[in-house]
2 protein chains.
Amino acid sequence: MENNNAVSALAALAQENRLAVFRLLVRNAPEGLTPGVIGEQLELPAPTLSFHLKTLAQAGLVTAIQEGRFVRYRAEMAGINALIDFLTEDCCCGHPQLCIPKGKQE
Amino acid sequence: MENNNAVSALAALAQENRLAVFRLLVRNAPEGLTPGVIGEQLELPAPTLSFHLKTLAQAGLVTAIQEGRFVRYRAEMAGINALIDFLTEDCCCGHPQLCIPKGKQE
DNA sequence: TCCATATTTCCAATAATATGGAAATATTGT
DNA sequence: ACAATATTTCCATATTATTGGAAATATGGA
């Protein structure tokens with residue numbers, strides 16, 4: 001993962017509302033949800049939510065597909081995995097003994 | 001890890017210069033570096049660097065200890081590990097089969 | 001075609017962040 | 001006490017992010 005992409009993904013998640021949106025989509029993976037439902041659940045006005053969804057999409061953390069009159073947003077697992085891997089390697093580089101995330105403990 | 005702490009940590013790393021500072025400190029763990037050396041390596045003016053170090057410290061990603069006239073900053077591995085775990089659980093919650101980071105693959 | 005509903009764009013106000021010069025503070029060696 | 005060096009705080013400026021009302025766009029159903 002490029003440095004730039006990592007910064008984008010980190011910034012996308014570094015915001016309360018966007019983090020909540022992303023988590024909601026993960027809990028509703030793989031089907032995804034429409035902005036209408038997300039906005040209702042999280043009590044976000046439509047323009048605000050649209051702005052945040054766009055930010056998450058640009059960061060590669062969600063994808064959108066049109067379904068008739070609705071749009072279905074889905075959490076992009078490849079995106080979050082890439083971010084986790086970036087942080088893991090970043091954190092461990094050169095000093096693996098200092099940084100053994102749960103997942104790496106045999 | 002609390003939601004708030006996660007947002008702080010994400011925001012701290014979601015900035016080019018701060019990410020560079022953190023990575024430099026990880027590469028120089030566990031000894032750490034002084035702001036003088038960091039600023040020289042990354043070509044950052046002292047006040048700018050000080051601001052970023054403070055942000056990283058508040059997010060629990062670095063620690064500072066005074067050493068005579070110098071201050072030694074160190075990467076806080078517990079902090080980055082907590083963030084990685086937060087993202088991993090966040091990402092996997094309810095749908096582990098969709099999200100298997102490298103580290104978790106058997 | 002016309003209406004109802006879903007979503008986004010436009011836009012302006014507001015808030016939060018980043019930057020770095022100048023000055024302040026702290027510590028060590030003389 | 002003084003000079004030299006390290007780091008931080010102060011502060012003004014510039015940049016970027018967030019918010020949501022109003023209007024625009026898009027789609028399906030009557």
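Keep in mind that the numbers below use all heavy atoms, side chains included, and drop hydrogens, waters and symmetry copies.
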**Asked** Between atom CG of A:N28 and atom CG of A:L33, what is the distance when rounded to the nearest 0.5 Å?
**Response** 4.0 Å
**Prompt:** So what does A:T55 touch, heavy atoms closer than 4.0 Å: a base, only the sugar-phosphate, or nothing?
**Reply:** nothing
**Prompt:** A:P47 near the nucleic acid: base, sugar-phosphate alone, or nothing, with a heavy-atom cut-off under 4.0 Å?
**Reply:** base
**Message:** Whether the side chain of A:S50 engages the backbone of A:A46 through a donor-acceptor N/O pair (distance < 3.5 Å, no angle test) should be reported.
**Reply:** no
**Asked** What's the CG-P distance between B:L13 and C:dA18, to the nearest Å?
**Response** 12 Å
**Prompt:** Do any N or O atoms from the side chain of A:T48 and from the backbone of A:L44 form a donor-acceptor pair under 3.5 angstrom?
**Reply:** no
**Message:** Is there a path of hydrophobic side-chain contacts, each under 4.5 Å between heavy atoms of I/L/V/M/F/W/Y residues, joining B:I80 to A:F86?
**Reply:** yes
**Asked** Checking B:R74 side chain against B:L25 main chain: does a donor-acceptor pair fall under 3.5 Å?
**Response** no
**Request:** Take the protein atom CD of A:E43 and the nucleotide atom C1' of D:dT19, then report the distance between them rounded to whole Å.
**Result:** 16 Å
Check nucleotides 12-17 of chain C against the protein and report each pair of N or O atoms closer than 3.5 Å, with its distance, or say if there are none.
none

**Item:** For A:A59 against A:A12, the heavy-atom pair lying closest together
**Value:** CB-CB, 3.7 Å
**Item:** A:R18 side chain vs A:L13 backbone, donor-acceptor pair below 3.5 Å
**Value:** no
**Asked** What is the distance, rounded to the nearest whole Å, between atom CD of B:Q58 and atom C1' of D:dT9?
**Response** 14 Å
**Item:** Whole-Å distance separating the OH atom of A:Y73 from the C1' atom of C:dT7
**Value:** 8 Å
**Fill in**
Assert: residue with more 5' nearest nucleotide on DNA chain D, out of B:L49 and A:L44, is B:L49
**Request:** Determine whether more than 12 heavy atoms belonging to other residues, nucleotides or ligands lie under 6.0 Å from atom CD of B:E43.
**Result:** no
**Item:** Heavy-atom pair with the smallest gap, counting every atom of B:F22 and B:L61
**Value:** CE1-O, 3.4 Å
**Asked** Given pairs defined as Watson-Crick or G-U wobble with both distances under 3.5 Å, what dot-bracket annotation applies to DNA chain D, with ( ) intrastrand, [ ] crossing, | other strand and . unpaired?
**Response** ||||||||||||||||||||||||||||||
**Request:** Measure the distance from NZ on A:K54 to P on D:dA17 and round it to the nearest whole Å.
**Result:** 12 Å
**Message:** Strictly below 4.0 Å: does B:T48 bring a side-chain N or O up to OP1 or OP2 of C:dG20?
**Reply:** yes
**Asked** For D:dT19, does OP1 or OP2 lie under 4.0 Å from any side-chain N or O of A:H52?
**Response** yes
**Request:** Quickly work out the A:R72 CZ to C:dT7 P distance and round it to whole Å.
**Result:** 10 Å
**Asked** Can any side-chain N or O of B:N5 pair as donor or acceptor with the backbone N or O of B:M1 at less than 3.5 Å?
**Response** no
**Asked** Within the pair B:S50 and D:dT8, is there a side-chain N or O less than 4.0 Å away from OP1 or OP2?
**Response** yes
**Asked** Looking only at heavy atoms, which two atoms of A:L49 and A:P35 are closest? And how far apart?
**Response** CD2-O, 3.2 Å
**Message:** Can you confirm whether more than 12 heavy atoms, excluding those of A:E2, are under 6.0 Å from its CD atom?
**Reply:** no
**Asked** Rounding to a whole Å, what distance do you find between B:E16:CD and C:dT19:C1'?
**Response** 14 Å
**Prompt:** Does anything in residues 60-70 of chain B reach DNA chain C, meaning a heavy atom under 4.0 Å, and if so which residues?
**Reply:** B:G68, B:R69
**Prompt:** To the nearest angstrom, how far is A:L56 atom CG from D:dT18 atom C1'?
**Reply:** 14 Å
